[in-house]
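Single-structure report; data block below.
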Amino acid sequence: MNWDDHRFVSLTTFKKSGEAVATPMWFVVISGKVCIYTSGASWKVRRLRNNPRATLAPCTAGAKLLGDACDVTARFLGGVEAEAVRVALRQRYGLQKAAVDVFSRLKGTVPAYIEFSPGGLSR
């Protein structure tokens, strides 16, 4: 999959019941892995901490899928790795990402940076 051709990725996480929940996200690719930023208090983060299995598919901002989904496994990043994702997202999404960062800081949002590797774990 050539992720660089797309601006959004549909991240599907799974509830404990197995129900799928999809969310369109900004993303960057670093060392061949898709990486995202979200609020550390978000439901998707809670679901990924419970079950790191997810799927990714290219999509529009309105969540219309533009390709097939692939199974991935989530890993939470910190320190230098998280900072690399933050910088890459800022470069890719420019002023939009800068505005999100300002509002997040004002709200006191604790960020979560997540890397997705190919291959999923069984649910």
Side-chain angles (χ1 to χ4, degrees):
M1 165 83 51
N2 186 2
W3 293 104
D4 294 330
D5 293 342
H6 303 283
R7 297 281 291 166
F8 296 90
V9 65
S10 177
L11 167 63
T12 301
T13 56
F14 299 93
K15 294 181 178 183
K16 288 181 182 179
S17 68
E19 179 183 348
V21 181
T23 309
M25 305 287 302
W26 285 343
F27 72 98
V28 291
V29 177
I30 298 177
S31 300
K33 296 179 182 177
V34 174
C35 301
I36 66 162
Y37 154 85
T38 191
S39 166
S42 68
W43 283 103
K44 70 184 82 54
V45 165
R46 293 177 191 186
R47 289 189 294 270
L48 287 169
R49 289 197 188 283
N50 181 56
N51 176 6
R53 181 187 171 274
T55 66
L56 297 175
C59 70
T60 65
K64 179 183 176 191
L65 296 182
L66 300 173
D68 294 331
C70 59
D71 291 330
V72 292
T73 302
R75 180 175 74 93
F76 289 87
L77 304 176
V80 174
E81 291 177 311
E83 179 63 12
V85 173
R86 188 193 69 75
V87 168
L89 284 165
R90 186 77 173 265
Q91 289 172 343
R92 183 164 190 197
Y93 295 97
L95 290 176
Q96 290 175 304
K97 176 63 170 124
V100 167
D101 288 345
V102 168
F103 288 118
S104 293
R105 276 194 299 277
L106 290 173
K107 284 178 49 179
T109 301
V110 175
Y113 292 92
I114 308 166
E115 171 190 271
F116 295 94
S117 300
L121 302 173
S122 60
R123 273 193 270 171

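Computation of the quantities below employed the complete heavy-atom set of this structure, encompassing side-chain atoms and omitting hydrogens, waters and symmetry-equivalent molecules. The residues of the chain are indexed from 1 along the displayed sequence.
Put simply, the side chain of T38 reaches to within 4.5 Å of the side chain of K44, judged on heavy atoms. Using a 4.5 Å cut-off on side-chain heavy atoms (C-beta onward), V28 and V85 make contact. Residues S10 and L65 form a side-chain contact, since some pair of their non-hydrogen atoms from C-beta on lies under 4.5 Å apart. You'll find the side chain of T73 stays beyond 4.5 Å of the side chain of R53, heavy atoms only. By the 4.5 Å heavy-atom criterion applied to side chains, T55 and V72 are not counted as neighbours. Two residues are said to be in side-chain contact when any heavy atoms from C-beta on lie closer than 4.5 Å; Q96 and W26 meet this criterion. Between I114 and V45, the closest side-chain pair of non-hydrogen atoms falls below 4.5 Å. Between N50 and R47, the closest side-chain pair of non-hydrogen atoms is not below 4.5 Å.
For the atom pair CG (D101) and CZ (R90), the distance works out to 5.5 Å, reported to the nearest 0.5 Å. To the nearest 0.5 angstrom, L48 atom CG is 5.0 Å from F76 atom CZ. The distance from atom CD of E83 to atom OH of Y113, rounded to the nearest 0.5 Å, is 7.0 Å. One distance of note links SG of C35 with CD1 of I30; it measures 4.5 Å at 0.5 Å rounding. Separating the CG atom in L11 from the SG atom in C59 is a distance of 9.5 Å, to the nearest 0.5 Å. Separating the OG atom in S31 from the CD atom in E81 is a distance of 9.0 Å, to the nearest 0.5 Å.
A pairwise comparison of heavy atoms in S42 and S39 identifies OG-O, 2.9 Å as the closest pair. When all heavy atoms of A54 and F14 are compared, the closest pair comes out as CA-CE1, 4.0 Å. Contact detail for L89 and I36: the closest heavy-atom pair is CD1-C, 4.4 Å. Closest approach of A63 and P24 over heavy atoms only: CB-CG, 4.0 Å.
With hydrogens and angles disregarded, a donor-acceptor distance shorter than 3.5 Å links the side chain of S104 to the backbone of V100. Side-chain N or O atoms of T109 include none that pairs as donor or acceptor with a backbone N or O of P111 at under 3.5 Å.
Cation-pi contact between K97 and Y37: present, with separation from the ring centre below 6.0 Å and deviation from the ring axis of at most 45°. A cation-pi arrangement, defined by a distance under 6.0 Å to the six-membered ring centre and an angle within 45 degrees of its axis, is present between R92 and F27.
Ring planes of Y93 and F8: tilted class, angle from 30 to 60°.
Around the CG atom of L106, the shell of radius 6.0 Å holds more than 12 heavy atoms that belong to other residues, nucleotides or ligands. Residue D5 qualifies as enclosed at atom CG: its count of foreign heavy atoms under 6.0 Å is above 12.
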